[in-house]
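Worksheet: one structure, shown below.
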Amino acid sequence: MAHSAISQVSVAVPLQTDSSFRRSTSKATSLTFSDKSCISMPSIDLKATRSRSQYIVCMSVQHASKAKVSVSPLSLEDATEPPLNIYKPKEPYTATIVSVERIVGPKAPGETCHIVIDHDGNLPYWEGQSYGVVPPGENPKKPGSPHNVRLYSIASTRYGDSFDGKTASLCVRRAVYYDPETGKEDPSKNGVCSNFLCNAKPGDKVKITGPSGKIMLLPENNPNATHIMIGTGTGVAPFRGYLRRMFMESVPMKFNGLAWLFLGVANTDSLLYDDEFTKYLNDYPGNFRYDRALSREQKNNKGGKMYVQDKIEEYSDEIFKLLDEGAHIYFCGLKGMMPGIQDTLKRVAEERGESWEQKLSQLKKNKQWHVEVY
């Protein structure tokens, strides 16, 4: 939104403590913030005067730095239970492709796409849930029958990337099969659904089922909770939804805890949504941590490839302490990621003189342990 003139407004900005405000203003009487998010936010000057427990700030502004995005309809916050299986495989919902965008660089092994789907508000979901996709054509194993449903974790909040509650986004890696003898691609064995989605064009129709899943729902009863998220590749999808809800959108949940993301990919070009996560790191350094494991570019402390379990081991004392204090821990990605992670956690627990089996049992009992692998 462009404005030809700058208007001056006064807003009340609550701050944590008097001392925190004094620290932030001790070196200057005017503060300038700049923001490089997807929303244009010019720099602003602040002059502060104290008023009881708040500070009245005069701003020459169009937007405030770190301003959150308005979303609608807020009635999506009203439900007390998550929506489940509104549309089933026998009668899927026909949605429309809005956009398909390749989101990895040229040196990434394979192709990953961000796909926005318009459901017109008819297929609501919560963060952490999945959609099923029924690709067109018939099932080769059951001639005359449709393909089986493929599940994809939703990569957006309930408001979607357009913030109006009418779209959902998927993060899809194109599944390509290479013949081990010739080294050439064999299209007949490529993933049916991932290739359909990555090849889709705006306006194409897509059959959707769901939403499904409760294990990865984001607990919101405690806005000060710690959430440790461990994802590999497209397993970052639900975490993108969590983080947009925590840090980007103006929603009733006012998150003031710690979100800690561990993301494992092959190399820098394979990083997914890195600009979004880096922005949160800059804007909310006290509430967000972000650790990347780049297996083809980084070495672990034993000289081998750096995987997410190596990052977990690096911070194991801190992670175990946070879990003991009630932190939630989430895992999402290929199921092959879990044995290495479990082995690491077991070894760390034993080094600490703890039984991992007992600890894991307690985490599950307390609903702190959330796993969705495929």
Side-chain angles (χ1 to χ4, degrees), residues 87 89 92-119 123 125 129-140 146-156 160-162 166-179 183-213 231-241 244 263-277 296 332-337 372-374:
Y87 284 88
Y93 178 78
T94 301
T96 305
I97 299 287
V98 176
S99 61
V100 177
E101 178 190 2
R102 178 189 167 105
I103 54 170
V104 290
K107 294 179 183 175
E111 180 177 30
T112 301
C113 295
H114 182 75
I115 297 160
V116 180
I117 297 170
D118 182 356
H119 59 77
L123 207 54
Y125 56 89
Q129 289 192 298
S130 298
Y131 269 173
V133 177
V134 184
E138 65 176 39
N139 189 333
H147 282 288
N148 292 334
V149 172
R150 271 69 163 186
L151 289 178
Y152 292 93
S153 298
I154 299 170
S156 49
D161 286 4
S162 51
K166 293 183 177 180
T167 69
S169 299
L170 305 180
C171 181
V172 179
R173 176 164 175 159
R174 187 191 291 274
V176 180
Y177 178 82
Y178 292 94
D179 187 291
K184 293 183 178 178
E185 183 183 338
D186 182 351
S188 69
K189 295 182 180 177
N190 285 351
V192 173
C193 198
S194 65
N195 280 273
F196 159 66
L197 289 169
C198 290
N199 290 336
K201 300 287 186 289
D204 287 357
K205 300 302 179 184
V206 54
K207 292 180 178 177
I208 304 287
T209 69
S212 62
T232 56
T234 59
V236 76
F239 307 141
R240 179 182 185 255
R244 286 171 78 93
L263 176 59
V265 294
N267 56 21
T268 302
D269 269 21
S270 304
L271 286 166
L272 303 170
Y273 311 114
D274 190 60
D275 288 350
E276 284 185 27
F277 303 148
R296 299 189 187 181
C332 190
L334 293 172
K335 57 187 166 196
M337 72 187 265
E372 184 171 85
V373 291
Y374 39 84

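If you're wondering where the values come from, they're calculated on a predicted model, not measured in any experiment.
- In terms of the side chain to side chain contact (heavy atoms under 4.5 Å, CB included) criterion, residue partners of Thr112 (sequence neighbours excluded) are, by chain and number, Ile103, Val104, Cys171, Arg173, Thr234, Leu272.
- Considering every non-hydrogen atom in both Val265 and Ser270, the closest pair reads CG1-O, 3.6 Å.
- For residues 267-277, every residue pair satisfying the salt bridge (Lys or Arg N to Asp or Glu O under 4.0 Å) rule, not counting sequence neighbours, is listed here: Arg240-Glu276, Arg244-Glu276, Asp274-Arg292.
- You'll find the side chain of Tyr273 reaches within 4.5 Å of the side chain of Val236, heavy atoms only.
- For the pair Tyr131 (side chain) and Leu123 (backbone), a donor-acceptor distance under 3.5 Å is present.
- Donor-acceptor pairing under 3.5 Å is lacking for the side chains of Asn190 and Arg174.
- Between Ser153 and Ala237 the shortest heavy-atom distance is O-CB, 3.7 Å.
- Taking every heavy atom of both residues into account, Leu151 and Ser212 meet most closely at CD2-OG, 3.8 Å.
- Residue Ser156 holds its OG atom at 12.0 Å from CD1 of Ile115, rounded to the nearest 0.5 Å.
- Take Pro202 and apply the side chain to side chain contact (heavy atoms under 4.5 Å, CB included) test, not counting sequence neighbours, and it matches no residue.
- Applying the 6.0 Å contact sphere to CZ of Arg296 captures no more than 12 heavy atoms from other residues, nucleotides or ligands.
- The structure places CZ of Phe277 at 7.0 Å from CG of Leu263, a figure rounded to the nearest 0.5 Å.
- Remark: His147 engages no residue in a ring pair (Phe, Tyr, Trp, His ring centres under 6.0 Å) (not counting sequence neighbours).
- Here Tyr152 pairs with nothing under the ring pair (Phe, Tyr, Trp, His ring centres under 6.0 Å) rule; sequence neighbours left out.
- If you take OG on Ser169 and CD1 on Ile117, they are separated by 8.0 Å, rounding to the nearest 0.5 Å.
- Thr232 and Gly333 get closest at one heavy-atom pair: OG1-CA, 3.6 Å.
- Here the side chains of Lys207 and Pro146 are not in contact, with every heavy-atom distance at 4.5 Å or above.
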Using residues 92-101 as the side-chain source, report each donor-acceptor pair under 3.5 Å to any protein atom, sequence neighbours left out, with the distance given to one decimal.
residue, atom, partner, partner atom, Å
Tyr93, OH, His119, O, 3.1
Tyr93, OH, Asn122, ND2, 2.9
Thr96, OG1, Lys205, NZ, 2.8

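- Across every non-hydrogen atom of Phe239 and Cys332, the tightest pair is CZ-CB, 3.9 Å.
- Between the CZ atom in Arg150 and the CG atom in Leu197 there is a gap of 10.0 Å [rounded to 0.5 Å].
- Contact record, Val133 with Cys193: CG1-SG, 3.5 Å, taken as the closest heavy-atom pair.
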